[in-house]
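Every heavy atom of this structure was used, including side-chain atoms; hydrogens, water molecules and symmetry mates were not.
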Amino acid sequence: VADTDGDGLSDGAEVNTYGSNPLVADTDGDGLSDGAEVNVHHTNPVVADTDGDGLSDGAEVNEHGTNPLAADSDGDGLSDGSELNEHGTDPHLADTDGDGAWDAAEALRGYDPLDPQDMPPVPAIYVDAGRPDDTGAATNWSTAKRTLQAAVDAALPGETVLATNGLYDAGGRSRSSADVTNRVSIDLPIVLRSVNGPEVTVIQGQGPMGASAVRCAYVGTNAWLSGFTLTNGATTANGGGGGALCASSGMISDCIIAGNSATGGGGVIGGQVSRCVIAGNSARFFGGGAYASTLIGCVLSGNMASQYGGGSVLGVLVNCTLTENSAGMLAGGCYRGTLTNCIVYNNVGDIYYGGAGNNYYNVNLNYCCTDPMPDGGDGKVVADPLFVGNGNYRLQAGSPCIDAGNNAGLLSGVDIDGIPIPLDGDADDEATVDMGAFEYVDSAADTDGDGMPDGWEFQYGLNPVADDA
């Protein structure tokens, strides 16, 4: 194959496919050969600055080590070129001076991103559903925005938006013409959290499914949503994530995701979801509660999928409780996924196929309580987990799930109630995590060996896993 300029691309490919010059090894003069751009870096061989950040592709690869396909390599809100040429900040570090404020938040608010002593005094952006409109500056409660979207739009990367009590049922933005409106779309790496928790702070979407539906939230790359109830969210007839749609690095924690609907992932799709209650959501096809999410310390109950996975589909689940979910065809609890330290019990599947696969189908279970006995995996318990009952999925004394998990599988240091884990749940002087979302507290045990029983330490606000003596 002829390659006249020796750049690693055939002359024909240069002329017919890429539009580069077959007589010049580096058509755009950016310091990378055309072949290297196409085959190695996937940049445009006829555009010197593929991502438009003010740095040539060659300079990014050969000099600065930044990503020639991402205008903002560290995601701090300043382009790589702006960091190097205007502000002198490090394009690999979101917070160059390590003062807790990201570079864009400092530079764009008139502070020095290179001086750790010079940082914005405003700790947060404020939002209050009781405000009359979005005209306030959002720098305190008296000037708070009314809608979540306006408050999020006022924040810079690395900042926090604080929401006070209220029903947030107005505003929002669509990510594209093909998608529904999100009541709030968190497109930047910021934190949006409530002040007083999900019981009093509600994000309400709009159902039913269809063109006019409104999803509760989109949680983008490195964004974090915490402390809300997400309810009545929906998508188009073919959409996913009625309660929330998350980028792979988007995070949701300490939320109640309930009463949402979608084609797949009625409650949530994607992201990392921690210490959440995911209940009463529905999917037209699969994943009534969640689809393709990492779930840590969550309760999934009362979710429904018309076909597969009433609770979860294609998830990674650690210390979760899946119960009373249902699926019209297969796996009321979980369909395809990896589960560790979980309880998958009393789910209903195979309504049309005779009841087999009620709890799970095609999953990898380790240190889990379920029925029937799964093939493969370690540390399995096949028994009634002994929930307290009446919708309370905490464990009774004597539950076979107490201290039956595997500490090596832990991904969090607290359970869904904020109780430190692992505790010594059976007073045998061994602290082993329980199965499920709730850690059992044996009031007589002394997990940290400080001479004070765990129950007494909780009563007086001490830490049962740290020596308080």
Side-chain angles (χ1 to χ4, degrees), residues 197-199 201-205 207 215-219 224-235 240-246 250-305 308-327 331-335 337 339 341-348 359-360 363 387 391-394 411-412 415-417 436-438:
E199 291 80 7
T201 321
V202 179
I203 301 174
Q204 182 171 289
R215 178 187 291 117
C216 293
Y218 170 71
V219 185
W224 187 1
L225 177 70
S226 181
F228 292 86
T229 289
L230 282 63
T231 189
N232 200 40
T235 66
L245 173 65
C246 300
M251 295 175 288
I252 298 177
S253 68
D254 304 293
C255 286
I256 298 170
I257 304 173
N260 305 286
S261 57
T263 294
V268 59
I269 281 185
Q272 177 176 301
V273 183
S274 303
R275 300 181 302 279
C276 290
V277 174
I278 304 172
N281 304 285
S282 62
R284 195 159 67 96
F285 291 138
F286 43 81
Y291 179 83
S293 298
T294 297
L295 305 173
I296 303 169
C298 294
V299 172
L300 293 86
S301 67
N303 302 289
M304 186 276 291
Y308 309 115
S312 172
V313 170
L314 288 174
V316 175
L317 287 72
V318 178
N319 282 104
C320 290
T321 298
L322 295 85
T323 187
E324 299 179 13
N325 303 287
S326 62
C334 184
Y335 179 77
L339 288 76
N341 299 341
C342 291
I343 298 173
V344 190
Y345 196 81
N346 198 29
N347 301 282
V348 178
N359 286 313
Y360 60 87
V363 296
F387 295 133
N392 185 341
Y393 304 118
R394 294 170 181 85
L411 292 180
S412 175
D415 77 351
I416 192 170
D417 284 335
F438 298 96

Donor-acceptor under 3.5 Å (T323 side chain, S301 main chain): no
How far does [atom1] of [X] sit from [atom2] of [Y], to the nearest 0.5 angstrom?
X: Y291; Y: Y335; atom1: OH; atom2: OH; result: 10.0 Å
X: S274; Y: I252; atom1: OG; atom2: CD1; result: 9.5 Å
X: T321; Y: N341; atom1: OG1; atom2: CG; result: 11.0 Å
X: I257; Y: L300; atom1: CD1; atom2: CG; result: 9.0 Å
X: L322; Y: N347; atom1: CG; atom2: CG; result: 6.5 Å
X: R275; Y: I296; atom1: CZ; atom2: CD1; result: 8.5 Å

Contacts of type side chain to side chain donor-acceptor pair (under 3.5 Å), residue R394, not counting sequence neighbours: N392, D417
Is any side-chain heavy atom of [Y] closer than 4.5 Å to one of [X]?
X: F286; Y: L314; answer: no
X: L225; Y: I203; answer: yes
X: V202; Y: T231; answer: yes
X: T235; Y: L245; answer: no
X: I278; Y: N303; answer: yes
X: C246; Y: V268; answer: yes

Verdict with supporting geometry, V273 and C298, side-chain contact (heavy atoms from CB on, under 4.5 Å): CA-CA 8 Å; V273 183; C298 294; 4.0 Å; yes
Closest non-hydrogen atom pair, [X] against [Y]:
X: W224; Y: S253; result: NE1-OG, 2.9 Å
X: A283; Y: G266; result: CB-N, 4.1 Å
X: A290; Y: L295; result: CB-CD1, 4.0 Å
X: G242; Y: A262; result: N-CB, 3.6 Å
X: G297; Y: C320; result: N-SG, 3.9 Å
X: G270; Y: S293; result: O-OG, 2.8 Å

Within residues 259-270 or reaching into it, pairs that qualify as side chain to side chain donor-acceptor pair (under 3.5 Å) - sequence neighbours excluded: N260-N281
Verdict with reasoning, L317 to V344, per side-chain contact (heavy atoms from CB on, under 4.5 Å): CA-CA 11 Å; L317 287 72; V344 190; over 6 Å; no
Aromatic ring pairing F387/Y393, orientation class (parallel under 30°, perpendicular over 60°, tilted between): perpendicular
